[in-house]
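Presented below is the structure to which this report refers.
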Amino acid sequence: MVKRSRIIAFFLIVLLFAGLLGGTTDSIVKKINLGLDLQGGFEVLYKVEPAIKGQKITKDVLNNTVKALDKRVNALGVNEPSIQIEGKDRIRVQLAGVKNQDEARKMLSTEANISFRDVNDKKMMDGTDLVQGSAKQSFDEAGNPDVVLKLKDRSKFKNVTKKILDMAPNNQLIIWMDFKEGKDSYKAEVAKKNPRFLSNPSVSQVLNTDSVQITGNFTVEEAQNLASLLKAGALPVKMKEEYSTSVGAKFGQHSLNTTVTAGIIGVIVIFLFMIGYYRLPGVIATITLMIYIYLTLLIFHLIHGVLTLPGIAALVLGVGMAVDANIITYERIKEEIRVGRTIKSAFHAGNKSSFIAIFDANITTILAAAVLFVYGNSSVKGFATMLIISILLSFLTAVYGARIFLSFWVNSNVLKNKPGWFGVNRKHIHNLADNIDTHDLSTHFDKFDFVKHRKIFYSIAIGLTVLGIIFLAIFRLNLSIDFSKGSRLQIMAKQPLTEQQIKSDLQTLHLTPEDIVLGGSKNQVGVVRFKDDFSKQKEEQVKSYFDNKYGNHTTSLSKVSPTVGKELAKNAIISLIIAAIGIIIYVSIRFEWRMGLAAIVSLLHDAFLIVAFFSITRLEVDLTFIAAVLTIVGYSINDTIVTFDRIRDNMKSKGRLKTTEDIANIVNAGIRQTLTRSINTVLTVVITAVALLIFGSESIRNFSIALLVGLIMGCYSSIFIAAQLWFDLKNKELKKKGTLKTVKEKRKWSDEPQV
């Protein structure tokens, strides 16, 4: 009897979710904090150094510096600024959406010490004579913007003005900000229009007051910024820039639009594939995936996460990986239907048998993402955060959400005797009376003997690895400034750019590039790398030149010191080592150490070949490359775990392994039975990687290429290397124990009769 109430309940719940998503998604998306690579802004990593001899950089000193910087940032009106202490002597400042980046940068780095001097450059008073927090922007009698300060001791100011009067006719009180002894005289500074010069009022009488008015050719904004700086107080330390990146607002908006477009295209193609291949379960997967995307964005908003370009890539990639859980479950359900079970019985059995494989695969991927979070820099942390959230939510929606939705249909009896709704052909279904187990089902790949030809697969892997070592030794890696040092300029124009055109622009600026790369759909994006990092003045000049020529806020500029580059490279290596150790420990506990070792060997094979590919193609290796490698590590182990889970399952059903042939049959069966799932899963993730590569931002182009190459390598190692390595290790174990009997027969292992 058909229970229509369950179908009605399904549609009501879907409509409820559709209304919720339609009514709140736009609001949530608009409230999510965007990183500086998506809305413009800048990021600076400062090394904190002593301001005076003998000063020690302690935790308290760093905290005080952060407080001073925070006050200055608040004066800029930046939403959701990020100021974080890193290590023992570094502070990272991220200001997304700030309009006047140059002014903000000056405001952050200057010590903001004010001094009052005579014409002979003798200091009469300094910032210590001011009442803390008293500075404010005001207007003089003529209506011009000025800054008003309050003094601690009016008698001291009285004596200062008296001394200035005695120096007539040069009775000027020179007011400086951040002036240092040993510099040029004030007249030379004024002639150079140095911004440290504030004002030089003439003193006409002795002033017995505790209020000082600083006048000058200020705009209202300049006067407000000066007052805010003085109110925040002097920094207790010196700060040296070790890394910085500046992104124009239009450049960021372009990156956001292109990457979101790429994500939408990738997700739509995945939806169509799932519906076409898995029918009704594919429709259910599409619904749960939309809920998964919504929940991911909602949680990211609730935890006040900052969405970056790599973060969007992680979300899109997460969709492809979330499909994996659906595919594993649906393939198991299809197997249960093929052995003759009813739809309802197959549904429950398939969900039960797929749970452990999904759980193990997700845990190993989270391990890689957690390592990324701990050792990655700010943008990589954002990628890792989004990836972890994606994995957790995909597990909930794909495992539990999809089961609940599909159960409405299964338990309604509408699907009774309708295996076609699950993509199963009736002629492939056996009778339950035949007592056929899912482990005995034939597959499309029964003609392939994956174990017998393992030495060929090993040879291919070893050959590629040796070639990779040779090419790596000859060409080495084309390291970005993230891992070396220097500056990186990105230019976005409305019209196509040429290399000669950019060279001409750089000659005008007296700059010599190391290399120039054109990108974008019509070569409208130019990427230029320089060996040396720019001074602040040169940065401003370069940005101003290209903004004026190609449009305001269309450039992105980054620079890295050699110290930071070495540390990033060191952390990248540590990340890979820790991820590998964590995975082998987990796999050893959940399965056995031989499977863990086999999995790690295949992972190292994948990771190295990605590195070798980048060496041969001379593609730039940057921070997102490391994120891509670790993502592939997580994905590849995910794929391998599913195969090992099926091998373990087959071992339980077959009993004790007595011969080499037994082990070979177990391995071949495990690979064959999971191969459809492996192909479909890699296909869905490849779809997202290709979409990101073709339609995504130029900034994550190399990330997308690394993903694509890694997916192909990971699929190869999971199918042709990992399980075969376990076969050899298992053979040695049983031979050592003396429990293995070698059966010499003419027939191939793959010729074992299949039902």
Point to revise | Smallest separation among heavy atoms of I721 and A461, with atom names | key: CD1-CB, 3.6 Å

Practice item. Would you tell me whether T288 and T397 have side-chain atoms, one donor and one acceptor, within less than 3.5 Å of each other? Key: no

Check your understanding: Is a side-chain N or O of R646 found less than 3.5 angstrom from the main chain of I671, in a donor-acceptor match?
Key -> no

Check your understanding: Got a second to check how far I291's CD1 is from I13's CD1, nearest 0.5 Å?
Key -> 9.5 Å

Review point. Hey, is R648 close enough to D645 for a salt bridge, meaning N to O under 4.0 Å?
Key: yes

Review point. So, N326 and Y278: side-chain donor and acceptor under 3.5 Å apart, yes or no?
Key: no

Review point. Distance-only, no hydrogens or angles: does the N413 side chain make a donor-acceptor pair with backbone N or O of K416 under 3.5 Å?
Key: no

Point to revise | D649 with R332: basic N within carboxylate O range, under 4.0 Å | key: yes

**Study point:** Test item: M274 and I327 side chains (from C-beta on) under 4.5 Å apart, heavy atoms
**Key:** yes

Review point. Which atom pair, heavy atoms only, marks the closest approach of T684 to I270?
Key: O-CD1, 3.5 Å

Point to revise | Chi angles and distances behind the side chain to side chain contact (heavy atoms under 4.5 Å, CB included) call for I7, V414 | key: CA-CA 9 Å; I7 304 299; V414 170; 3.9 Å; yes

Check your understanding: Between N668 (side chain) and V451 (backbone), is there a donor-acceptor pair under 3.5 Å?
Key -> yes

Review point. Just by modelled atom types, is the I719 backbone N or O under 3.5 Å from a matching donor or acceptor in the Q724 side chain?
Key: yes

Check your understanding: Given side chains that start at C-beta, do those of R426 and P419 come closer than 4.5 Å, heavy atoms only?
Key -> yes

Review point. Which atom pair, heavy atoms only, marks the closest approach of L725 to A598?
Key: CB-CB, 3.8 Å

Point to revise | Short side-chain to backbone donor-acceptor contact, T681 and S678, under 3.5 Å | key: no

**Study point:** Close aromatic pair by centroid cut-off 6.0 Å: F395 and F355
**Key:** yes

Practice item. Might you confirm whether atom OH of Y277 has over 12 heavy atoms from other residues, nucleotides or ligands at distances under 6.0 Å? Key: yes

Practice item. Answer with yes or no whether the side chains of Y294 and T24 bring together a donor and an acceptor at under 3.5 Å. Key: yes

Exercise for review: Could you grab the distance from atom CG of L298 to atom CD1 of I293, nearest 0.5 Å is fine?
Suggested key: 13.5 Å

Check your understanding: Donor-acceptor pair, T674 side chain versus R677 backbone, under 3.5 Å?
Key -> no

Practice item. Compare every heavy atom of S394 with every heavy atom of Y292, then report the nearest pair and how far apart it is. Key: CD1-N, 3.7 Å

Review point. Do the rings of F450 and F720 sit parallel, tilted or perpendicular, given the 30° and 60° boundaries?
Key: tilted

Practice item. Compare all side-chain heavy atoms of F273 with those of N680 and state whether any distance is below 4.5 angstrom. Key: yes

**Study point:** Interatomic spacing from NE2 in H348 to CZ in R403 - rounded to 0.5 Å
**Key:** 10.5 Å

**Study point:** Aromatic ring pairing W409/F11, orientation class (parallel under 30°, perpendicular over 60°, tilted between)
**Key:** perpendicular

Check your understanding: Within the side chain of S353, is there an N or O that forms a donor-acceptor pair under 3.5 Å with the backbone of A349?
Key -> yes

Review point. Within the side chain of S718, is there an N or O that forms a donor-acceptor pair under 3.5 Å with the backbone of C715?
Key: no

Check your understanding: Between R338 and E331, does a salt bridge (Lys or Arg N to Asp or Glu O under 4.0 Å) hold up when you go through it step by step?
Key -> CA-CA 11 Å; R338 288 181 59 197; E331 287 295 331; over 6 Å; no

Practice item. Quick one: pull up CD1 in I589 and CG in D360 and give me the separation to the nearest 0.5 Å. Key: 11.0 Å

Practice item. For F727 and A664, work out which heavy atoms get closest and say how close. Key: CE1-N, 3.6 Å

Practice item. Check for a donor-acceptor pair, side chain of R672 on one end and backbone N or O of F448 on the other, with a separation under 3.5 Å. Key: yes

Review point. Which distance, rounded to the nearest 0.5 Å, do you find between the CG of L392 and the CG of L295?
Key: 12.0 Å

Review point. Any side-chain heavy-atom pair from F347 and N351 closer than 4.5 angstrom?
Key: yes

Review point. Between OG1 of T688 and CG of L711, what distance do you get to the nearest 0.5 Å?
Key: 7.0 Å

Revision key, fill the gap. For A325 and A398 the tightest heavy-atom approach is CB-CB, 3.6 Å

**Study point:** Check: F457 main-chain N/O paired with Y716 side-chain donor or acceptor under 3.5 Å
**Key:** yes

Check your understanding: Does the side chain of T286 come within less than 4.5 Å of I275's, by heavy atoms?
Key -> yes

